[in-house]
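These notes concern the structure reproduced below.
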Amino acid sequence: METVAAAVSRTGKKSWITGEVKTPAGRIPMVATELNWQDRLGTTKVRAGLQRMHYSIEPGLYAVGTPTADSPVFVSANYKLSFDYLRRELEGINGWIMVIDTKGINVWCAAGKGTFGTEEIIKRIESTRLAEVVNHRQIIVPQLGAPGVAAHEVKKRSSFRVIYGPVRAHDIPEFLSAGMKTSSKMREVNFNLGDRMVLIPVELLQWSPFALAAAILFFFLTGISRNGYALPGWTGGREVLPVILAFIAGSALVPIFLPWLPGRALSVKGMTLGLIFAIILVFTGLIPSAQTGGQLETAAWLLLMPAIAAFTAMNFTGSTTYTSLSGVKKEMRFAVPAQIIVAVLGLSLWVTARFY
Amino acid sequence: MLRYLENVVTLQLDTETCNGCGMCVNVCPHGVFKVQDRKAAIIDKEACMECGACALNCPVNAIKVQSGVGCATAIIMGAIGKKSECSGSCGGSPAANNSNKSGLCGTTK
């Protein structure tokens, strides 16, 4: 049973709560279908990688429009971004949103972990007293929740039938008017340029500590020479550039150019871009190529840049919507040893170049 | 349509057991299944990302797939004995059978 305190804390001072609806199971907070500036700011922050892990809302039942006991029930994660995407698309629809506790994680990731799952749905149906709020026995669960939810289990144990709704909340009106049926297009997950672009800030942020550490290391190591050590100036800065560029190539440019880069393995795509950048740097003279030292240096970066970009790109597999675990394992079996060998070789050449 | 490595997908369908309910068609995000002649059929196996939704939602257990987190970072973190870097949230252990896919981890949908 939901406590009064929990219901109050859900209604308390949230800019997106506009009122409440009385039901046999108590007062249910009513939410706006239009996002305000605070919601938008929250979304921007999350996309920029700020407060991404503390963007949750209170689980429980919410009302959209003026729902009755016959209105549909939409299930959502308690990640506020998921919730916002849903309510924004429910403009003009009277319904209920049952927010389940996914520890503030989005539907798909939570389903993968099982927190968006059968147990939590059944538990939440009971604690919200959903059976007293609605006459029917149907809940609309986002299709991307399916990896964590066994529809037949929910039916057996709660008497509620799970109907899988579209992947994108945007298709909900069409789904409803089609008699709660999804088309093959509604069920398909895409990974368009826009889908990939929004992931880039978080990718860059995730790699920035490593890129920075590597850049600092290379800067100071540049000071080594056959005459001992001298603090590097401009020459050190020049060695930082390829490092940073390789990280950007792997974490930002691979996502952008994903469909057009050669190879299926992400590490191969990253390697290709890293190599292209290394060649460009050599031809523009940003990597020294004169004499033995320069030649060693050129060879070193032609190995190091692809290795760094391949590694960072490989780690993008977790963010894609199409890579399988078996595939990632296979990719790593050849890519990780290759990256290590090439990186060690490149680093040895680079250090050797310091002594010429 | 983006495609990943070939000939690796572990998805298996037991047509004998299948009752043709079509649940796998409903939950698959990549159009892998189709119901024809009152039985499910795999029409695009290579598109499978092993999310496990079909196997979990099959009421007669006719589908088998080794699902897990298809994420290199999670695998590396698992190998060095740490929780997934996917901000500690996804936390998916690639070995866990009931855990699945981390697409767009923590950022969308």
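Chain letters run A, B, ... following the sequence lines, proteins first and then strands; every chain starts at 1.
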### CD1-CE distance between I76(B) and M314(A), expressed to the nearest 0.5 angstrom
4.0 Å
### Task
Write out, in numerical order, the residues from residues 29-45 of chain B with a heavy atom short of 4.5 Å from a heavy atom in chain A.
P29(B), H30(B), G31(B)
### Message
Please find the pair of heavy atoms, one from S326(A) and one from T10(B), that lie closest to each other, and give the distance.
### Response
OG-CG2, 3.4 Å
### Task
Can you tell which part of L258(A) gets under 4.5 Å to a heavy atom of chain B, answering side chain, backbone, both or neither?
both
### Query
Given that the side chain runs from C-beta out, which part of V149(A) has a heavy atom under 4.5 Å from chain B: side chain, backbone, both or neither?
backbone
### Task
Please round to the nearest 0.5 Å and tell me the distance separating atom CE of M186(A) and atom CG of N26(B).
12.0 Å
#### Entry: Close side-chain approach of R187(A) to V25(B), heavy-atom, < 4.5 Å
yes
### Pairwise distance CG(L325(A)) to SG(C71(B)) - rounded to 0.5 angstrom
10.0 Å
### Message
Return the CG to OG distance between L5(B) and S324(A), rounded to the nearest 0.5 Å.
### Response
7.0 Å
## Note on the structure
Tightest non-hydrogen contact, residues E6(B) and K330(A), listed as O-NZ, 3.8 Å
### Message
So, taking the atom named SG in C48(B) and the one named OH in Y322(A), what distance separates them when rounded to the nearest 0.5 Å?
### Response
14.5 Å
#### Entry: Donor-acceptor under 3.5 Å (N57(B) side chain, A146(A) main chain)
yes
### Query
Among A47(B), A55(B), C54(B), C58(B), which has the most heavy-atom pairs under 4.5 Å with chain A?
C58(B)
### Message
Give me the atom names and distance for the closest heavy-atom approach of L2(B) to R196(A).
### Response
CD1-NH1, 4.5 Å
### Message
Among T73(B), I75(B), V8(B), exactly one meets side-chain contact (heavy atoms from CB on, under 4.5 Å) together with V328(A). Which residue is that?
### Response
I75(B)
### Message
Looking at M197(A), I'd like to know if its CE atom is crowded, meaning that more than 12 non-hydrogen atoms belonging to other residues, nucleotides or ligands lie closer than 6.0 Å.
### Response
no
